[in-house]
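Heads up: the structure comes next, in structure tokens.
Numbers for residues simply follow the sequence, beginning at 1. All ligand and atom numbering here is 1-based and tracks the order in the structure.
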Amino acid sequence: MNEIRHNLDVARALTDAEERYSRQHSLSLAYMERASRFMPGGNTRSVLFFKPFPFVVRTSSGCRVLDLDGNNYVDFLCEYSAGLFGHSEPTIKAAIQHAIETGWVHGGHIENEARLAAALCLRFPSVERIRFTNSGTEANLMALVTARAFTKRSRIMAFRGGYHGGVLHYKSGDADQNAPFPLVLCTYNDIAQTVAAINREARDLAAVIVEPLQGSAGCIPASREFLSAIRSVCERHGIILIFDEVMCSRLAPGGLQGALGITPDLTTLGKYLEGGASFGAFGGREDIMSLYDPNRPDALAHAGTFNNNALSMAAAVAAATVLSSDRLVQLNAMGDALRAKLNGIARARALPIQFIGSGSMMNIHFREGEIRTIADTQTEDPNVKPLFHLEMLERGQYLTRNGMLNLSLPMSACELEGVASAFEDFLELNGSLIVACCSPFT
Ligand SMILES: *Cc1c(COP(=O)(O)O)cnc(C)c1O
């Protein structure tokens, strides 16, 4: 696969890559056509769709995925960061099997709830009390309505590029499908604008919700100064600061709040903490969370048939025992080293490409210069990430359409060298097309 391609531009290279992909995935295509009879576009989770059509997974194990057509991939998509343990971690598997053997539809309190609550409260500095949900989306909805009940105010503040779930996404403003909270939207990492808006809206502002590193937007870190400015202005006005650490808590033993030494009032969690089943959680200050103590005559209700479901609780307790601080620190150090290596490969060719992120989460961007907001990432040629995605798939590297890579515990130096050499090969073939489409000087 190392003949130099003579495509005129990235759009033409993408068309060629789509044709090659379609030829290699005929069984997946036939499946998608069957599925489309009963599901719109054959899809039930929008982010997994890509053109020309997504492949269908047959099995997965360790850090590898096999598709219906027999193609093998090293899995850097990692279930959008939730797959930190890989696909078949033995301790988690045994815990789920044990839960099945002891019944899994209890309809009552189970001991694993308090085990999991203790593990999470001890891990995250802001979390004094915690409650469970079925997804990160639900955790964020609960945190927001909790803040509104606690402060008796109505508005919320979020940031452009923020993703807090299917009904709370702010990638391009306030989406039509979003939950209808009265909203103040600010620019991520813009301290002056944000502080001014909080001061202006303070009397009616219940909560500020922010990802300490915007994952879906392309792994854009918040500056410490930005988060600490929000922390102090929220404190001054009694506004509830919510850190959405559904993704980024995997970047340090105490989450990013621990690493930065900035403590929010509420924290939302999800994804990898479950070890692979469905899960979410919201927790924080004891005085806020105690609103849900059913012993209180004025207690708020928090319902959810599957909040304490036996499979999720068992898997999450096991996951917490597998994930020691040392293993987490080591995984993130591997990620930092990989990001440096990939950036070195791009730099050696003087290409306008960079990987940003932190530790075990990273995202490619086809531009030079500092990236502080999602707007900074939206200037690139719309064909270049799809081309990168399909060409990496062709080289057995599974990553997201947006160019996000996440590491998982089963990975070793071998997988990291593999993805680096696939990237090098991609640049060898397409470097000149990328210069032509992505350089600010052409
Ligand atoms: C994935 C994600 C969510 C939503 O979690 P779901 O379990 O998919 O509902 C919320 N916030 C962030 C930061 C996420 O990455």
Side-chain angles (χ1 to χ4, degrees), residues 43-49 77-85 120 124 126-127 130-147 156-171 175 177-179 181 188 207-222 227 241-252 255-257 264 266-284 304 306-307 309 311-313 315-316 319 357-363 374 399-408:
N43 173 272
T44 191
R45 184 177 173 200
S46 302
V47 75
L48 295 183
F49 187 83
L77 181 134
C78 271
E79 193 59 304
Y80 287 82
S81 80
L84 182 142
F85 299 91
L120 297 178
F124 298 107
S126 70
V127 182
I130 193 163
R131 295 180 71 93
F132 305 123
T133 63
N134 296 280
S135 68
T137 304
E138 219 185 312
N140 282 311
L141 286 169
M142 287 308 304
L144 290 168
V145 296
T146 303
I156 66 163
M157 176 180 286
F159 295 92
R160 286 183 195 88
Y163 179 78
H164 308 290
V167 293
L168 295 165
H169 68 100
Y170 305 101
K171 286 196 186 165
Q177 288 165 299
N178 273 354
F181 294 112
Y188 199 59
V208 174
I209 184 164
V210 63
E211 291 170 87
L213 175 144
Q214 285 188 333
S216 303
C219 292
I220 306 172
L227 294 174
L241 176 58
I242 305 169
F243 275 6
D244 179 346
E245 293 224 41
V246 169
M247 265 193 194
C248 67
S249 59
R250 57 177 272 160
L251 299 175
L256 276 189
Q257 58 193 264
L266 293 176
T267 297
T268 55
L269 300 167
K271 292 219 162 86
Y272 76 98
L273 283 163
E274 165 44 39
S278 58
F279 175 72
F282 66 107
F306 292 113
N307 284 354
N309 82 82
L311 299 183
S312 292
M313 294 296 112
S358 171
S360 60
M361 291 167 53
M362 66 198 77
N363 208 109
I374 191 166
L399 36 81
T400 82
R401 187 65 156 187
N402 194 37
M404 183 193 211
L405 282 76
N406 300 297
L407 269 49
S408 64

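Shown in contact with Tyr163 at under 4.0 Å from a heavy atom are these atoms of ligand 1, numbered in order with element: 1 (C), 2 (C), 3 (C), 11 (N), 12 (C), 13 (C), 14 (C). Counting the atoms of ligand 1 from 1 in the order shown, those under 4.0 Å from a heavy atom of Glu211 are 13 (C). Within ligand 1, counting atoms from 1 as listed, the ones closer than 4.0 Å to a heavy atom of Gly136 are 4 (C), 5 (O), 6 (P), 7 (O), 9 (O). Contact atoms of ligand 1 toward Ser135: 7 (O), 9 (O) (distance under 4.0 Å to a heavy atom of the residue). Taking every heavy atom of Asp244 and a limit of under 4.0 angstrom, the matching atoms of ligand 1 come to 10 (C), 11 (N), 12 (C), 13 (C). Numbered from 1 in the order shown, with element, the atoms of ligand 1 that lie under 4.0 Å from a heavy atom of His164 read 10 (C), 11 (N). For ligand 1, the atoms closer than 4.0 angstrom to any heavy atom of Asn140 are 10 (C), 11 (N). For ligand 1 and Thr137, the ligand atoms under 4.0 Å from any heavy atom of the residue are 4 (C), 5 (O), 6 (P), 9 (O).
Panel note: side chain Gln177, backbone Gly166; no donor-acceptor pair is recorded below 3.5 Å. Tyr272 contributes no side-chain N or O that, together with a main-chain N or O of Ala319, makes up a donor-acceptor pair within less than 3.5 Å. Although no hydrogens or angles enter the test, the distance criterion places a donor-acceptor pair under 3.5 Å between the side chain of Asn178 and the main chain of Leu168. With Asn406 contributing its side chain and Met361 its backbone, the two residues share no donor-acceptor pair below 3.5 Å.
Each of Leu141, Val167, Ile209 was checked for a side chain to side chain contact (heavy atoms under 4.5 Å, CB included) with Phe181, and the lone residue meeting it is Leu141.
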Quiz item: Step by step, would you call Glu79 with Arg45 a salt bridge (charged side-chain N to carboxylate O under 4.0 Å, His left out)?
Solution: CA-CA 12 Å; Glu79 193 59 304; Arg45 184 177 173 200; 2.9 Å; yes
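If you check the side chains of Ser126 and Gln257, you find a donor sitting under 3.5 Å from an acceptor.
Of all the heavy atoms of Lys271, the ones lying under 4.0 Å from any atom of ligand 1 belong exclusively to the side chain.
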